[in-house]
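In this chain, residues are counted from 1 in sequence order. Computed from a predicted model, the values in this text were never measured in an experiment.
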Amino acid sequence: QVTSFQGVAVRSLSTSPPHDHPEHGRLVYKGNLAKTVLGVRFFSYSTSIFNLFMMPYIMLKSGIGVESLLVQAAFCGLMGFFTFVTPVTLHILTKGYVIRLYYKDEVDTYTAITYNAILGEKATVFHQKDVKIPDITKMFTTFYAKTKSMLVNPTLFPNPQDYNHLMGYDKTPLFKFEELEEVKEAD
């Protein structure tokens, strides 16, 4: 593959298009909030670690360490609540946010890339038949892949047919003729 860059030929050593992954397949979706989610979670983790290291220093310098046990417990409880609850809550809310979604045509499988608890990328492989759409719209769930909730933005799919196939909207509904006849007879 040869591309022109300001009149100079540049040769790419890649044998696959830039949106293909050799293991996962063709890139069909890329979340636009991936860096934001990563940044917020990293900031939350770093402030929690900072709080853990600063808590003993604050207790000694403020005199809380020599006061009653009740004041110490209240201070540690309040600091501990914000130190641990905020990162856990952010993880629960954002663990299903899909940063990239790949599709393999040959085997009809999807690979969703999400962030795990330690901010690494986690791959979840599922078939289209494993996709379940929730009956009631949920705030942080577009669909379930097996039992894991996933969040995607339908407008960010470059090809709307990829979203339709993922959600199963491209399938024609199959009706049983007996059920249709029963409905007609009931009318």
Side-chain angles (χ1 to χ4, degrees), residues 18-19 21 23-103 109-158 160 162-163 166-168:
H19 298 298
H21 190 276
E23 183 182 342
H24 303 309
R26 176 176 57 94
L27 181 68
V28 294
Y29 172 83
K30 188 172 182 181
N32 62 347
L33 296 176
K35 288 183 180 179
T36 304
V37 168
L38 182 66
V40 167
R41 286 178 65 180
F42 179 77
F43 179 74
S44 176
Y45 286 173
S46 63
T47 56
S48 292
I49 291 169
F50 179 75
N51 283 346
L52 284 175
F53 286 116
M54 290 302 294
M55 199 162 32
Y57 178 76
I58 292 170
M59 287 178 70
L60 290 175
K61 288 294 184 180
S62 67
I64 292 176
V66 293
E67 289 186 21
S68 73
L69 186 61
L70 182 65
V71 174
Q72 288 179 8
F75 176 76
C76 290
L78 184 67
M79 292 298 289
F81 177 79
F82 289 109
T83 300
F84 294 110
V85 171
T86 304
V88 169
T89 303
L90 281 173
H91 171 68
I92 289 170
L93 293 177
T94 61
K95 70 180 178 182
Y97 183 74
V98 178
I99 50 179
R100 288 186 311 277
L101 184 67
Y102 295 95
Y103 177 65
T109 58
Y110 288 91
T111 303
I113 308 295
T114 57
Y115 289 123
N116 62 16
I118 57 171
L119 304 179
E121 291 186 356
K122 177 183 175 186
T124 303
V125 179
F126 58 95
H127 291 277
Q128 194 283 323
K129 64 183 176 189
D130 297 329
V131 172
K132 303 282 186 264
I133 301 170
D135 295 332
I136 300 171
T137 306
K138 299 198 176 179
M139 187 177 289
F140 295 104
T141 303
T142 307
F143 64 92
Y144 289 101
K146 298 181 181 174
T147 58
K148 184 174 180 179
S149 68
M150 298 282 179
L151 177 65
V152 295
N153 184 349
T155 61
L156 295 180
F157 280 83
D162 288 330
Y163 176 74
L166 169 69
M167 301 300 279

Asks: With the side chain counted from C-beta on, respond yes when Asp162 and Tyr29 share a heavy-atom pair under 4.5 Å apart, and no when they do not.
Replies: no
Asks: I'd like a table of donor-acceptor pairs (distance under 3.5 Å, sequence neighbours excluded) in which one partner is a side-chain atom from residues 140-154, with atom names and distances.
Replies:
unit_1 : atom_1 : unit_2 : atom_2 : d
Thr142 : OG1    : Val152 : N      : 3.1
Thr142 : OG1    : Val152 : O      : 3.0
Tyr144 : OH     : Lys138 : NZ     : 3.0
Lys148 : NZ     : Thr114 : OG1    : 3.4
Asn153 : OD1    : Thr155 : N      : 3.2
Asn153 : OD1    : Thr155 : OG1    : 2.8
Asn153 : ND2    : Thr155 : OG1    : 3.4

Asks: Please determine whether the number of non-hydrogen atoms from other residues, nucleotides or ligands lying under 6.0 Å from atom CG of Leu78 exceeds 12.
Replies: yes
Asks: Using every non-hydrogen atom in the two residues, find where Asn116 and His91 come nearest and quote the distance to one decimal.
Replies: C-CE1, 4.0 Å
Asks: Starting at CG of Leu27, measure out to CZ of Arg100 and round the result to the nearest 0.5 Å.
Replies: 7.5 Å
Asks: Please list, chain by chain and in numerical order, all residues satisfying side chain to side chain donor-acceptor pair (under 3.5 Å) with His24, sequence neighbours excluded.
Replies: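 In terms of side chain to side chain donor-acceptor pair (under 3.5 Å), with neighbours along the sequence ignored, His24 is linked to no residue.
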Asks: For the residue pair Pro87 and Tyr45, what are the closest heavy atoms and their distance?
Replies: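 Answer, listing the atom of Pro87 first, then Tyr45: CB-CE2, 3.3 Å.
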Asks: Are the side chain of Tyr97 and the backbone of Leu33 linked by a donor-acceptor contact shorter than 3.5 Å?
Replies: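 Looks like yes, one N/O pair under 3.5 Å.
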Asks: Do you know which two heavy atoms are closest between Ser44 and Thr86, and how far apart they sit?
Replies: OG-CG2, 3.7 Å
Asks: Without placing hydrogens or testing angles, list every side-chain donor-acceptor pair under 3.5 Å for residues 53-60, not counting sequence neighbours.
Replies:
none

Asks: Minimum heavy-atom separation for Ser48 to Thr83, with atom names?
Replies: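 Scanning both residues, the minimum pair turns out to be OG-O, 2.7 Å.
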Asks: Does Thr94 reach the side chain of Tyr115, with side-chain heavy atoms less than 4.5 Å apart?
Replies: no
Asks: Out of curiosity, Gln128 CD to Leu166 CG, how far, rounded to the nearest 0.5 Å?
Replies: 7.0 Å
Asks: Minimum heavy-atom separation for Leu52 to Phe84, with atom names?
Replies: CD2-CZ, 3.8 Å
Asks: So, taking the atom named CG in Leu93 and the one named CZ in Arg41, what distance separates them when rounded to the nearest 0.5 Å?
Replies: 10.0 Å
Asks: For a 4.5 angstrom cut-off between non-hydrogen side-chain atoms, does Tyr102 reach Val125?
Replies: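 They are not in contact (no side-chain heavy atoms under 4.5 Å apart), so the answer is no.
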Asks: In terms of ring plane angle, is the pair Tyr103 and Tyr110 parallel, tilted or perpendicular, where the classes change at 30° and 60°?
Replies: tilted
